[in-house]
Number of protein chains: 2
Amino acid sequence: MKPTQKHTIYDIATRSGASASTVSAALNGTWKARRIKEATALRIIALAREMGYSVNLQARGLRTARSGLVGLILPEHNNRFFSDLSQSFTLEARARGQCPVIIATARNPEEELSTVRDLMAYSIDALFVAGAADPQHISKICRAAQLPHVFIDQPCPDAPSVITDNETGARQLTEAIIDTLAPHSPALEGTGREKIYLLGGDARLHASSRRIAGFRAAMIAHFGRCDDDQVIACGYEPQTAQAEIRALHARLGGMPAGLFANSLNVFEEVLRFLSRRPEPELRGFSLGCFDYEPYGELLRLPVHMVRQRHRELVRRAWELLEEPGSTELVTVPPELCLARPRVLRYEG
Amino acid sequence: MKPTQKHTIYDIATRSGASASTVSAALNGTWKARRIKEATALRIIALAREMGYSVNLQARGLRTARSGLVGLILPEHNNRFFSDLSQSFTLEARARGQCPVIIATARNPEEELSTVRDLMAYSIDALFVAGAADPQHISKICRAAQLPHVFIDQPCPDAPSVITDNETGARQLTEAIIDTLAPHSPALEGTGREKIYLLGGDARLHASSRRIAGFRAAMIAHFGRCDDDQVIACGYEPQTAQAEIRALHARLGGMPAGLFANSLNVFEEVLRFLSRRPEPELRGFSLGCFDYEPYGELLRLPVHMVRQRHRELVRRAWELLEEPGSTELVTVPPELCLARPRVLRYEG
DNA sequence: CTGAAAGCGCTAACAA
DNA sequence: TTGTTAGCGCTTTCAG
């Protein structure tokens with residue numbers, strides 16, 4: 001009754017009069033396959049519980065070359081999209097009796113790779129990588145070690161990946177921004193302030209490039225053109241984003257007609273900037289964000305958002321993993337969250 | 001050069017002409033203590049790298065009865081306070097060469113306990129528990145297994161804990177709310193709408209009870225009284241919080257003078273509710289939140305917040321762990337983030 | 001300065 | 001239906 005010292009299956013074997021292998025089978029559920037008498041198994045199980053026994057998973061893992069651990073690597077915890085993923089990932093992992101190990105690597109490719117290696121040293125059973133900075137390199141390492149792995153959000157050509165339909169999502173979001181544009185003021189024509197700008201993200205990354213494509217497509221469909229200066233893929237760093245917004249505002253001599261924030265990090269900086277502008281400047285300003293943040297719905301400034309289906313992304317990722325050695329790319333449509341007209345609005 | 005198959009120290013031993021124990025020492029850094037020739041060690045290290053060798057940490061862990069894993073249990077990922085903790089925890093763990101394992105247990109005491117046991121089965125080296133639902137039980141289990149552990153945010157009388165000075169923080173926050181109260185309207189006297197209400201949290205939990213105490217103290221200092229109905233500790237469930245706000249509003253026949261949201265979950269629901277009220281109702285409404293959320297600064301409604309020093313909490317927790325068997329309770333003062341007067345405000 | 005050998009706790013053939 | 005045995009890959013005395 002006192003689980004003070006750690007017990008092993010040998011203690012249980014001694015106390016129960018059975019052998020260690022019988023105890024092992026009884027305890028890990030393989031006893032029916034091993035044709036062990038039910039009574040024996042039950043007796044052992046009861047005894048183990050009474051003794052407060054708990055398997056040593058390192059020993060089991062060493063023996064079986066598995067560990068029960070599944071890794072998830074992501075850029076940061078402090079981001080609603082990724083914390084949603086963590087949440088869903090935890091659920092799915094535990095539902096399968098696996099232990100989730102979630103590690104943030106700060107969008108640093110080196111940290112990312114060393115984390116992959118660290119996790120592999122623990123013999124993790126599978127690796128999920130969300131928002132990878134260097135998918136191909138990661139995949140190469142995993143393949144060399146024959147570690148099942150799957151990418152989420154940022155895909156990899158050499159490995160199973162599940163991503164959001166970024167292009168469609170971006171197109172829809174852009175259309176929503178266009179639809180909310182204030183009535184055209186001829187005075188602004190040619191100043192650049194009549195345009196919509198996309199801010200943030202890294203054009204070299206797959207997700208961003210598709211979003212940019214969607215943005216462009218919508219622009220061209222509605223205005224017949226999309227200038228290069230309308231896309232400002234300045235990365236994810238808050239400081240950089242803040243500087244870019246300032247620079248844009250300065251260059252235009254005022255607010256643009258609309259803005260497409262290409263990540264939550266950037267969105268936050270955009271809001272920070274906006275909160276310091278005098279209110280009249282913001283009238284009719286049209287804002288959208290790719291990715292969803294519940295607070296976005298609670299601002300007095302209406303904002304359209306594209307919500308990635310995190311639950312679905314994670315589920316499909318597990319499914320891909322369970323298939324043999326596919327290199328499939330699964331695409332999940334996002335959910336468009338339009339700013340509803342609301343009670344608290346500018347003209348309120 | 002092809003790390004296709006997994007290598008062991010025996011492979012390296014064979015290839016290098018040294019013995020497995022020498023290889024082991026060379027590779028894990030104990031070689032100088034073992035008086036192994038530097039040249040030998042370096043040669044082995046180089047060979048290992050060339051072969052793409054990577055230790056099997058399960059084997060090491062089995063042998064040493066450690067694992068290099070440190071656990072952090074928390075209620076949810078989707079909460080800025082906890083994701084800040086995750087971030088800080090990850091940093092500290094990696095700085096010490098440990099691997100962070102962060103698991104969310106949905107404020108479910110049973111899940112919490114079973115997660116503790118799961119983690120222990122992996123021979124984690126230490127356990128951090130943030131926002132525990134059942135600290136005493138967890139601590140009992142850990143002590144039985146002689147697992148070093150420390151509580152954050154929700155303390156445990158039987159184990160080292162580091163918490164925020166909830167009472168002071170709550171008092172200051174309440175004072176800030178009081179300071180921003182709209183000029184007193186005699187018409188409301190006695191309706192309950194002239195009062196400030198604390199919403200959310202669980203009065204049975206230590207953190208909440210201290211916050212309630214701080215709230216009460218500030219109320220009494222300023223108004224000479226604090227009625228029981230001013231404290232609505234309805235838990236953390238969004239739905240419940242939403243229902244309580246509605247009920248309060250209905251009961252009072254309008255908005256109260258101010259609100260103290262006792263957690264980010266509740267805060268979010270409060271905002272959701274407010275966003276559906278007609279603007280005039282909100283004039284002069286004074287809002288505060290215990291815990292910090294950057295979006296809180298970006299709302300057009302001014303909101304005071306108390307920010308827990310997550311970095312500090314985590315650091316102190318590690319320090320406590322490194323002391324012998326202390327039962328110390330460390331208190332960290334929070335940071336008060338007052339709503340600044342800003343450009344975008346109601347009268348803007 | 002280095003090697004041999006034992007064993008961490010468990011599982012899985014293979015015997016019985 | 002159950003026990004015996006041989007490792008999984010590593011660290012660590014203890015001998016040399």
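Atom set for the values below is all heavy atoms of this structure, side chains included, hydrogens, waters and symmetry mates excluded.
Using a 4.0 Å cut-off between charged nitrogen and carboxylate oxygen, A:Glu111 and B:Arg94 count as a salt-bridge pair. A salt bridge links B:Asp158 with B:Arg143; the closest basic N to acidic carboxylate O contact falls under 4.0 Å.
When rounded to the nearest whole Å, the span between CD1 of A:Ile44 and P of C:dC10 equals 13 Å. Look at CZ on B:Arg66: it is 18 Å from C1' on C:dG9, rounded to the nearest Å. Rounded to whole Å, atom C1' of C:dT2 lies 16 Å from atom CD of B:Glu38. One interatomic measurement links the two molecules: CZ of A:Arg35 to P of C:dA16, which rounds to 19 Å at whole-angstrom precision. Note: CG (A:Asn56) to P (D:dC10) measures 17 Å, nearest angstrom. In this structure, the CD atom of A:Gln58 is 18 Å from the P atom of D:dC8, given to the nearest Å. Taking atom CG of residue A:Leu27 and atom C1' of nucleotide C:dG9, one finds them 13 Å apart after rounding to whole Å. Between the CD1 atom of A:Ile12 and the C1' atom of D:dT2 there is a distance of 17 Å, rounded to whole Å.
The shortest distance between the side-chain N/O atoms of A:Ser24 and the OP1/OP2 oxygens of C:dT11 is below 4.0 Å. Checking the phosphate oxygens (OP1, OP2) of D:dG9, no side-chain nitrogen or oxygen of B:Thr8 falls inside 4.0 Å. Close to C:dT11, at under 4.0 Å from its OP1 or OP2, lies a side-chain N or O of A:Asn28. Using a 4.0 Å cut-off, some side-chain N or O of B:Thr40 falls inside it from OP1 or OP2 of C:dT2. Taking 4.0 angstrom as the limit, A:Thr22 places a side-chain polar atom (N or O) nearer than this to OP1 or OP2 of D:dG3. Of the side-chain N and O atoms in B:Tyr122, none sit less than 4.0 angstrom from OP1 or OP2 of C:dG9.
The base of D:dG3 sits with one of its N or O atoms less than 3.5 Å from a complementary donor or acceptor on the side chain of A:Arg34. Residue side chain B:Tyr10 reaches the base of D:dC10 through a donor-acceptor N/O pair under 3.5 Å, judged by distance alone. No hydrogens or angles were tested; on distance alone, a donor-acceptor pair under 3.5 Å links the side chain of A:Arg63 to the base of C:dT11.
Taking 4.5 Å as the limit, some side-chain heavy atom of A:Ser21 sits within range of a side-chain heavy atom of A:Arg34. Residues A:Glu110 and A:Leu113 form no side-chain contact, since every pair of their non-hydrogen atoms from C-beta on lies 4.5 Å or further apart.
Using a 4.0 Å heavy-atom cutoff across all strands shown, A:Thr64 reaches sugar-phosphate atoms only and no base atom. Within 4.0 Å of A:Ala18, counting heavy atoms only, lie sugar-phosphate atoms of the nucleic acid but no base atom.
Taking for each of A:Ala59 and A:Ala20 the nucleotide of DNA chain D with the nearest heavy atom, the 5'-most of the two is the partner of A:Ala20. Across the interface with DNA chain C, nearest-nucleotide mapping of A:Ser54 and B:Gly17 shows B:Gly17 to be the residue nearer the 5′ end.
Using a 30° and 60° split on the angle between ring planes, B:Phe89 and B:Trp318 fall in the parallel class, below 30°.
For the atom pair CG of A:Asp134 and CD of A:Gln154, the computed distance is 11.0 Å after rounding to the nearest 0.5 Å.
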